[in-house]
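Accompanying notes for the structure given below.
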Amino acid sequence: MLLIYQIKVGLCLIAFYLLWKLLLSRETFHRFNRIALLTVMALALVLPWIKLTVDAPAAIADNMIVLEDIFITPDSAAQVQQAATSWAPMNIATVVYYLGMATVLLWFLHGRWNLHRMMKKGHKETLPSGNTLHVLPGDIAPFSYFNHVVINEQDYHDNPREILTHEEAHIRLHHSLDVVFAGLVTIFQWWNPAAWLICRELKQVHEYEADKAVLNQGIDARQYQLLLIRKSVGNQLFTMANNLNYQSLKKRIRMMTMNKSSRWNRLRALAVVPVIALALLAFANQKTETAKLVVVADQQAEVSQDVYKSVEQMPQFPGGEAALMKYLMQNIQYPVNAAKNDIEGRVIVQFVIEKDGQIGEVKVVRSVDPELDAEAVRVVKALPKFTPGRQDGKAVAVWYTLPVMFKLQSKSQPQVPQPELPQQ
């Protein structure tokens, strides 16, 4: 479930990043762009949790459960059991994901620890704004982190006004909160380039906002741009902080010289609406309406109930897939007459697993032969109670599809029927 959620979040982030890069990244309304980037990150995390239910008719083409063909010979039961207990690709992917997330988290915490360790060095004083100023020796690039400003001694004596105005703008605009939130998203989505790119774009917008605040204080634009160029070489960068020497200096200078964007250009952000709609439809649960025919005192009445195609937690056979395979292999018998007449083929049976885990309606949706059909239905009806499927924390009825392959090894020897396991 976690990996599926991760993929959904990742797809949303990719779509939102491409949309923002295409339509809004060159505009000068920086506060709006900042809010837009934060919003799309939040939307990407939330949208996969929004569960819409779309009514749709049952159809064989829309299998209720994705199936994987598994070839089984009469002596392969032990191999199936061994394979079920070994590490599946999904388990390996889960381990890799958690290892990657742990690595990025440690890198994130290490960067934060380095910031706090650095801020303890050098001279400390309180600025008129109430923020704390740390003046350090050495060639340290100015940066801010929450209500702390770090600056080296040379910058403190040569260019205090421009640098402090820039860094205090970061603090006043609460950019550090954005950085922490974006950092958490990149930890969660460490494998997704779009997450890192959005984080980088957000930091770029932070610099645009802080630059604008400096120029609004009456500081000469040309003098300030020369300062940025002079300070752009040879200084350290701290990704956990808001840094004066952000690497995209050329973009910053160009943004300062651009004409102000039209307010109407903000309407481009509405392009995200159809993307959200498509995401909701893609993540929606499809529900089918099925009818049961009940005969009472020679009167017929149609009773309907909601049966889902797919749910958040699919039904589970007791003991898992290996146990289901073993049960089918032990209980399906090749009909004698069908074997004598060289009849073989794939029977597809659909059945409902009710809210209590019992087998409900059973029907053959792909027939081969009456005897083969009947044998498949017989075994399905005899299946033990499942762990029921769940949607929004509640047990629900779910369609389940089971193909059974009847295949003859030779004209005189029927092969054990080949049930095909569902893949979660």
Side-chain angles (χ1 to χ4, degrees), residues 5-50 144 146 166 169-216 239-243 246-283:
Y5 172 69
Q6 278 285 335
I7 293 172
K8 291 179 179 180
V9 173
L11 291 175
C12 288
L13 286 175
I14 292 171
F16 290 149
Y17 170 75
L18 293 176
L19 200 65
W20 185 88
K21 192 68 175 176
L22 179 65
L23 299 179
L24 295 174
S25 61
R26 297 178 179 85
E27 305 299 335
T28 62
F29 32 73
H30 310 313
R31 181 174 179 82
F32 180 86
N33 275 347
R34 174 192 172 194
I35 294 174
L37 287 170
L38 293 172
T39 300
V40 296
M41 283 192 287
L43 281 174
L45 297 174
V46 171
L47 285 177
W49 292 108
I50 300 177
S144 61
F146 286 97
H166 180 97
H170 281 305
I171 295 174
R172 185 176 67 256
L173 295 169
H174 307 291
H175 287 167
S176 291
L177 291 175
D178 297 0
V179 172
V180 171
F181 173 66
L184 294 176
V185 173
T186 53
I187 291 171
F188 187 65
Q189 284 272 299
W190 62 268
W191 56 272
N192 186 3
W196 297 92
L197 290 172
I198 290 177
C199 183
R200 186 184 69 179
E201 295 291 342
L202 180 63
K203 289 183 178 181
Q204 183 75 73
V205 171
H206 287 170
E207 296 304 318
Y208 296 157
E209 280 195 299
D211 290 339
K212 183 178 180 180
V214 172
L215 299 182
N216 288 342
T239 58
M240 282 291 297
N242 302 295
N243 196 288
Y246 192 75
Q247 55 185 340
S248 301
L249 178 59
K250 183 178 179 181
K251 293 181 180 180
R252 290 173 59 186
I253 294 177
R254 185 174 66 247
M255 190 63 68
M256 280 185 269
T257 60
M258 285 178 61
N259 295 326
K260 189 175 181 180
S261 299
S262 170
R263 293 183 178 181
W264 292 103
N265 288 355
R266 300 182 184 186
L267 294 177
R268 294 178 180 179
L270 294 177
V272 78
V273 174
V275 176
I276 295 174
L278 289 174
L280 290 175
L281 288 176
F283 304 152

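The chain is numbered in sequence order, starting from 1.
- Between Thr186 and Ala195, the shortest heavy-atom contact is CG2-O, 3.6 Å.
- Between Ile50 atom CD1 and Leu280 atom CG the span is 5.5 Å, to the nearest 0.5 Å.
- Atom CG of Leu173 is separated from atom CD of Glu209 by 5.0 Å, given to the nearest 0.5 angstrom.
- Across all non-hydrogen atoms, the minimal contact from Ala42 to Phe181 is N-CZ, 4.2 Å.
- The minimum heavy-atom distance linking Leu23 with Ala271 is given by the pair CD1-CB, 3.6 Å.
- For the atom pair Lys260 NZ and Thr28 OG1, the distance stands at 7.0 Å (nearest 0.5 Å).
- Asn265 places no side-chain N or O within donor-acceptor distance of the main-chain N or O of Ser261, the cut-off being under 3.5 Å.
- For the residue pair Ala210 and Ala169, the shortest heavy atom distance occurs at CA-CB, 4.0 Å.
- For the pair Leu24 and Phe29, the minimum side-chain heavy-atom distance is below 4.5 Å.
- Looking only at distances, no side-chain donor or acceptor of Arg34 sits under 3.5 Å from a matching main-chain atom of Val205.
- Between Tyr208 and His30, the ring planes lie tilted relative to each other; the angle falls in the 30° to 60° range.
- Put simply, the side chain of His175 does not reach to within 4.5 Å of the side chain of Lys203, judged on heavy atoms.
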Next item on the list: Go through Arg252 and Gln204 one step at a time and tell me if the side-chain contact (heavy atoms from CB on, under 4.5 Å) criterion holds.
Entry: CA-CA 8 Å; Arg252 290 173 59 186; Gln204 183 75 73; 3.3 Å; yes
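- By the 6.0 Å contact criterion, NZ on Lys8 is enclosed, its count of non-hydrogen atoms from other residues, nucleotides or ligands being greater than 12.
- When side chains are defined from C-beta on, Lys21 counts as touching Glu201, because their heavy atoms get closer than 4.5 Å.
- Nearest approach of Val275 to Leu19, heavy atoms of both residues: CG2-CD2, 4.0 Å.
- For the pairing with Leu202, the side chain to side chain contact (heavy atoms under 4.5 Å, CB included) check across Leu38, Asn33, Leu197 returns one residue only, Leu38.
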Note to self: Would Leu37 and Tyr17 count as a side-chain contact (heavy atoms from CB on, under 4.5 Å) here? Give the steps.
What the structure shows: CA-CA 8 Å; Leu37 287 170; Tyr17 170 75; 6.0 Å; no
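- When all heavy atoms of Leu13 and Val40 are compared, the closest pair comes out as CD2-O, 4.4 Å.
- Contact check for Met255 versus Arg26: no side-chain heavy atoms found under the 4.5 Å cut-off.
- Salt bridge Glu27/Arg266: absent, no basic N to carboxylate O contact under 4.0 Å.
- For Gln189 (side chain) and Gln6 (main-chain N/O), a donor-acceptor pair under 3.5 Å exists by modelled atom type.
- Listed by chain and residue number, Tyr5 satisfy the ring-ring contact (aromatic ring centres under 6.0 Å, His included) test with Trp49 (two or more places apart in sequence, or in another chain).
- The existence of a salt bridge linking Lys251 and Glu207 is excluded, since no basic side-chain nitrogen approaches an acidic carboxylate oxygen closer than 4.0 Å.
- Checking side-chain atoms of Ser144 against main-chain N and O of Ile171 turns up no donor-acceptor pair under 3.5 Å.
- Side chain of Ser176 to backbone of Phe146: a donor-acceptor contact under 3.5 angstrom is found.
- Formation of a donor-acceptor pair under 3.5 Å by the Trp196 side chain with backbone atoms of Trp190 is found in this model.
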Next item on the list: Assess whether side-chain contact (heavy atoms from CB on, under 4.5 Å) is satisfied between Phe16 and Ile276, documenting all intermediate values.
Entry: CA-CA 9 Å; Phe16 290 149; Ile276 295 174; 4.0 Å; yes
